[in-house]
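Not measured: the values here are computed from a predicted model.
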Amino acid sequence: MTVAIDTVRLIGRVKELGATGRDEAGRLCRVAATDADREGRDLLCGWLKQAHLRIEVDRIGNIYGIWEPEGASGEPIVMGSHIDTVIDAGIYDGCVGVLAGLAVIEAMQQANLGPARPLAVVAYTNEEGVRYAPDMMGSLVAAGGLATDDALAVIGTDGTMLGAELARIGYAGSREPGFLRPHAYVELHIEQGPVLEAEGLPIGAVANLQGISWQRVSIGGTANHAGTTPMVMRRDAGVAAGLVIAFLDDLARRTQDAVATVGTIRLEPNAINVIPSAAVFTVDLRNPDEDRLRSLEAALQSFLDGLRDEGYEVTTERLARFEPVTFAPEIVAAVEASAAKRQLACRRMTSGAGHDAQMMARVAPAAMIFVPSRGGISHNPAEFTTDSELIAGANVLLDVARRLSQ
């Protein structure tokens, strides 16, 4: 029997959700546990109800739509992602995975299919980590990697507490995170990178995901007059930070598959005519190989030790650390088989970004399906994937979910 996604409905929902949660300037800012996030959650729950799914919300705010057709038993096949966004976001990141998962269930319902297992779609809380750290929080808690009470007590960048904000917007659920243990987890996502588009490929079978190391580095120097202090007598924290940035850039270029980013930096006292007394910046290191990731971290610490020897005060704070993930080979192969059956060119690939699937891989076989991102752009209003590419990915997700639920 040929079963296919309802193209018009899926694309319409992607656009409607993308129009929800915009600020006064028209920017999409559906940041976790804000009023805008509530608008998106309410819209999603309305669609789950239309599909006659049982809706469950756990204590961390993860939303589940569960389909338990007659005769189905055992642990469910779970599909999903997230609907929270960064500030001034595009409309596809995360949302495609949630809405495609719902579309898969609706397609199977429409075709009167009787899967042997239940199916569920999930929208995880605070995947982006913009307001509350760490990112991928909802799936991390669901996988048992972070205690629920600790996550709910996290204070955000605006001084709010996550638990209180979830209650305020009406999404502090009663179920314990992890109550729904997947038989398998599959996530459709835009690539957020340039590889598929550059190679003219519509489908990526994601076989593994990079390890991620986040740190905050603080360097203390000595403030002094910018005009009267000779260069040889300075202890300039800004210069020290610049040396670290240059070192990391060179290190990543010399290390296989590595990337390194200093995404935020703050100088004190931040005055044009004062030598900086302090520099505080973040370091994002990534590599799909754990040994190489550890090597990057060790090299950074050795370089920072050298700055200490030169008289700088250096401290580091671990913000997040996730080991590389290898996805379930049998699900990756199922993605490839579906692509081949549908005559869609496909390649195995590594995800450079973190995703909820890496957390769920701790508790169940998991894998991801990528579709192209024009120009590799994401976290940006210019983020774009064509309708035909989205539908191709959703239909592959449908094939994989059908196979796993038999």
Side-chain angles (χ1 to χ4, degrees), residues 14 18 28 81-82 84-98 100 127-130 135-136 139 186-214 248-249 252-253 255-263 283-289 292-293 296 320 322-327 331-332 335-336 339 344-359 361 366-394 396-397:
V14 170
L28 181 56
S81 192
H82 64 97
D84 68 304
T85 75
V86 298
I87 298 170
D88 200 16
I91 70 172
Y92 301 97
D93 177 7
C95 304
V96 167
V98 176
E127 194 273 351
E128 295 292 4
V130 172
D135 58 350
M136 297 172 283
S139 54
V186 190
E187 181 171 350
L188 173 66
H189 208 283
I190 60 170
E191 181 192 350
Q192 298 180 284
V195 175
L196 290 177
E197 183 189 40
E199 297 185 5
L201 301 174
I203 299 293
V206 185
N208 60 349
L209 189 147
Q210 293 198 104
I212 302 174
S213 172
W214 281 5
L248 288 172
D249 182 79
R253 293 175 188 276
T255 303
Q256 181 181 346
D257 299 324
V259 290
T261 306
V262 173
V283 176
D284 179 325
L285 299 174
R286 306 193 188 204
N287 199 285
D289 181 88
R292 289 197 294 269
L293 183 59
L296 292 169
F322 302 119
E323 293 185 357
V325 172
T326 299
F327 287 128
I331 305 180
V332 177
V335 173
E336 293 174 320
L344 298 168
C346 175
R347 63 161 286 172
R348 290 198 176 198
M349 60 192 307
T350 297
S351 173
H355 296 287
D356 292 310
Q358 77 188 79
M359 302 306 170
M368 298 186 69
I369 303 162
F370 273 174
V371 290
S373 296
R374 179 173 293 178
I377 296 172
S378 185
H379 287 186
N380 183 309
E383 179 181 276
F384 182 73
T385 300
T386 67
D387 292 354
S388 62
E389 290 166 340
L390 291 178
I391 296 303
V396 170
L397 178 65

For [X] versus [Y], what's the shortest heavy-atom pair and its separation?
X: Leu248; Y: Val262; answer: CD1-CG2, 4.0 Å
X: Leu196; Y: Glu191; answer: N-OE1, 3.0 Å
X: Gln210; Y: Pro288; answer: OE1-CD, 3.3 Å
X: Asp84; Y: Gly129; answer: OD2-N, 4.4 Å
X: Arg286; Y: Gly352; answer: NH1-O, 3.1 Å
X: Glu197; Y: Ser373; answer: OE1-O, 3.8 Å

Residues in salt bridge (charged side-chain N to carboxylate O under 4.0 Å, His left out) with [X], at least two apart?
X: Asp249; answer: Arg253
X: Asp289; answer: none
X: Glu199; answer: Arg347

Once you round to the nearest 0.5 Å, how far does [atom1] of [X] lie from [atom2] of [Y]?
X: Asp88; Y: Leu28; atom1: CG; atom2: CG; result: 8.0 Å
X: Ser351; Y: Met368; atom1: OG; atom2: CE; result: 5.5 Å
X: Glu389; Y: Ile190; atom1: CD; atom2: CD1; result: 11.0 Å
X: Thr385; Y: Ile391; atom1: OG1; atom2: CD1; result: 11.5 Å
X: Asp135; Y: Trp214; atom1: CG; atom2: CH2; result: 4.0 Å

**Study point:** Side chains of Asp356 and His82, donor plus acceptor under 3.5 Å
**Key:**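 Side-chain D/A pair, Asp356 to His82: absent.
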Under 4.5 Å between any side-chain heavy atoms of [X] and [Y], yes or no?
X: Ile203; Y: Glu336; result: no
X: Leu201; Y: Phe370; result: no
X: Val186; Y: Ile369; result: yes
X: Tyr92; Y: Leu390; result: yes
X: Glu323; Y: Gln358; result: no
X: Arg374; Y: Thr386; result: yes
X: Leu296; Y: Ser213; result: no

Practice item. Report the C-alpha distance between Thr350 and Asn208 in whole Å, list the side-chain angles of each, state the deciding distance to 0.1 Å, and finish with yes or no for side-chain hydrogen bond (donor to acceptor under 3.5 Å, both in side chains). Key: CA-CA 5 Å; Thr350 297; Asn208 60 349; 2.5 Å; yes
Review point. Residues in side-chain hydrogen bond (donor to acceptor under 3.5 Å, both in side chains) with Asn287, at least two apart?
Key: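 For Asn287, the residues satisfying side-chain hydrogen bond (donor to acceptor under 3.5 Å, both in side chains) (neighbours in sequence not counted) are Arg292.
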Point to revise | Contacts of type side-chain hydrogen bond (donor to acceptor under 3.5 Å, both in side chains), residue Asp387, not counting sequence neighbours | key: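 For Asp387 there are no side-chain hydrogen bond (donor to acceptor under 3.5 Å, both in side chains) partners, ignoring immediate neighbours.
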Exercise for review: Output yes when a side-chain donor or acceptor of Glu187 lies under 3.5 Å from a complementary backbone atom of His355, and no otherwise.
Suggested key: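 It does not hold such a pair.
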Exercise for review: Take Val396 and Leu344, measure what side-chain contact (heavy atoms from CB on, under 4.5 Å) needs, and give me the verdict at the end.
Suggested key: CA-CA 9 Å; Val396 170; Leu344 298 168; 4.0 Å; yes
Point to revise | Ala367: side chain to side chain contact (heavy atoms under 4.5 Å, CB included) partners, not counting sequence neighbours | key: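 In terms of side chain to side chain contact (heavy atoms under 4.5 Å, CB included), with neighbours along the sequence ignored, Ala367 is linked to Phe327, Ile331, Val332.
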